[in-house]
Asks: 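I'd like to ask some things about the structure below.
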Amino acid sequence: DTAVSQTPKYLVTQMGNDKSIKCEQNLGHDTMYWYKQDSKKFLKIMFSYNNKELIINETVPNRFSPKSPDKAHLNLHINSLELGDSAVYFCASSQGVYQQYFGPGTRLTVT
Amino acid sequence: ILNVEQSPQSLHVQEGDSTNFTCSFPSSNFYALHWYRWETAKSPEALFVMTLNGDEKKKGRISATLNTKEGYSYLYIKGSQPEDSATYLCARGSARQLTFGSGTQLTVLP
């Protein structure tokens with residue numbers, strides 16, 4: 001069974017479109033995260049949710065909006081996609097601040 | 001040190017060699033230090049989480065040490081194998097989040 005899953009794995013879309021990436025974890029963790037892997041392959045935190053509450057919201061454009069319908073899900077919605085949004089986005093989960101378990105990543109390409 | 005820094009950036013070793021790399025981090029308000037292994041086209045996989053000064057952790061041929069007073073951690077791989085080829089990430093944990101270094105890319109040549 002996959003612990004942290006993301007869909008889709010690949011997403012190719014045009015500038016200006018709105019898209020969502022879904023993340024689900026079946027580990028019973030209380031905290032979920034979204035990271036962006038930048039062009040230098042750094043993992044940068046975007047958002048963190050604990051028990052469905054937003055606890056970290058780093059400086060990302062407000063076109064990015066996370067939504068956590070329940071503790072097991074954290075979705076990322078992106079409005080008005082731009083070329084610079086092209087990246088790999090990773091979801092992760094943890095119990096408190098212990099080790100994080102990462103999803104397989106979603107490669108977003110904006111054309 | 002303001003950020004999490006890792007060195008070297010990349011490393012090539014021969015199969016059977018032992019190797020080590022360094023993670024440096026701000027020592028103030030330290031909470032935890034994480035090491036992850038990240039293979040190409042896969043997702044990062046946790047190796048160790050260390051919290052106490054002097055902590056040492058071991059998993060098979062891989063071990064890590066932690067010095068929170070001076071702000072560094074070493075990762076050691078004994079008798080490197082081609083399957084050890086990956087990027088090794090360290091991350092400094094606060095009460096709320098992890099800050100990742102840029103990683104050390106290890107290539108083990110057969």
Side-chain angles (χ1 to χ4, degrees), chain A residues 1-10 21 23-27 29-51 53-60 66 74 87-107, chain B residues 2-11 21 23-25 29-52 55 57 59 62 64 66 68 73 75 85-107:
Chain A
D1 282 346
T2 304
V4 183
S5 60
Q6 292 178 231
T7 53
K9 196 166 181 182
Y10 300 97
I21 307 172
C23 178
E24 177 181 1
Q25 55 96 2
N26 62 7
L27 297 166
H29 289 165
D30 61 4
T31 307
M32 296 185 72
Y33 311 83
W34 276 108
Y35 289 90
K36 180 180 180 181
Q37 181 187 3
D38 67 16
S39 55
K40 294 184 180 178
K41 302 205 173 178
F42 264 104
L43 278 176
K44 290 188 175 178
I45 184 75
M46 299 174 70
F47 301 104
S48 169
Y49 266 74
N50 178 265
N51 286 316
E53 271 191 57
L54 180 66
I55 58 171
I56 294 173
N57 182 358
E58 291 295 309
T59 308
V60 298
L74 180 62
V88 182
Y89 292 85
F90 285 95
C91 175
S93 74
S94 68
Q95 182 59 31
V97 295
Y98 294 104
Q99 69 185 41
Q100 295 185 12
Y101 293 77
F102 285 80
T106 295
R107 182 175 292 277
Chain B
L2 298 177
N3 296 313
V4 179
E5 297 171 0
Q6 292 187 245
S7 62
Q9 199 169 31
S10 64
L11 188 57
F21 7 101
C23 172
S24 303
F25 53 86
N29 299 318
F30 177 82
Y31 199 91
L33 194 285
H34 297 228
W35 280 101
Y36 288 82
R37 182 171 179 272
W38 193 0
E39 287 183 73
T40 303
K42 293 189 177 180
S43 51
E45 183 184 335
L47 287 173
F48 306 115
V49 179
M50 296 180 287
T51 56
L52 298 175
D55 262 354
K57 294 277 177 102
K59 185 184 285 190
I62 304 177
L66 178 66
T68 61
S73 175
L75 188 80
S85 296
T87 296
Y88 291 83
L89 294 173
C90 73
R92 179 183 180 274
S94 69
R96 284 156 44 101
Q97 66 184 76
L98 294 182
T99 302
F100 282 88
S102 56
T104 293
Q105 186 173 0
L106 174 67
T107 304

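Any value given below was found using the heavy atoms of this structure, including those in side chains, with hydrogens, waters and symmetry copies removed. Predicted model only: the values in this text are computed from it and were never measured. Chain naming here is simple, since letters A, B, ... match the order of the sequence lines and numbering starts at 1 in each.
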Asks: Is Leu47(B) close to chain A through its backbone or its side chain, or both, or neither, when contacts mean heavy atoms under 4.5 Å?
Replies: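 When you check distances to chain A, no heavy atom of Leu47(B) falls under 4.5 Å.
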Asks: Please check if any side-chain donor atom of Tyr88(B) sits under 3.5 Å from a side-chain acceptor atom of Arg37(B), or the reverse.
Replies: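 Distance-only check passes for Tyr88(B) and Arg37(B).
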Asks: With a 4.5 angstrom heavy-atom cut-off, which part of Gln37(A) approaches chain B: side chain, backbone, both or neither?
Replies: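 Looking at Gln37(A), just its side chain touches chain B.
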Asks: Less than 4.5 Å to any heavy atom of chain A: does that hold for the side chain of Phe48(B), its backbone, both, or neither?
Replies: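 Answer is neither: Phe48(B) stays 4.5 Å or more from chain A.
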Asks: Which atoms of Tyr35(A) come close to chain B, meaning under 4.5 Å heavy atom to heavy atom: side chain ones, backbone ones, both, or neither?
Replies: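 Only the side chain of Tyr35(A) comes within 4.5 Å of chain B.
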Asks: Would you say the rings of Phe25(B) and Phe30(B) are close, in the sense that their centroids are separated by under 6.0 Å?
Replies: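 So the answer is yes for these two rings.
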Asks: Can you establish whether the number of heavy atoms outside Gln99(A) located under 6.0 Å from its atom CD is more than 12?
Replies: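 Enclosed.
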Asks: Return the orientation label for the Tyr36(B) and Phe100(B) ring planes: parallel under 30°, perpendicular over 60°, tilted otherwise.
Replies: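 Tilted, since the angle between the ring planes falls between 30° and 60°.
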Asks: Just wondering, more than 12 heavy atoms not from Lys44(A) lying within 6.0 Å of its NZ?
Replies: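 It does not: Lys44(A) NZ has 12 such atoms or fewer within range.
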Asks: Under 4.5 Å, counting heavy-atom pairs only, tell me which of Ala32(B), Ala41(B), Ser102(B), Gly93(B) racks up the most with chain A.
Replies: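 Of Ala32(B), Ala41(B), Ser102(B), Gly93(B), Ser102(B) has the most heavy-atom pairs under 4.5 Å with chain A.
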Asks: So which residue, Ile45(A), Leu43(A), Val88(A), Asn50(A), ends up with the most heavy-atom pairs under 4.5 Å with chain B?
Replies: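 With the most close heavy-atom pairs to chain B, the winner is Leu43(A).
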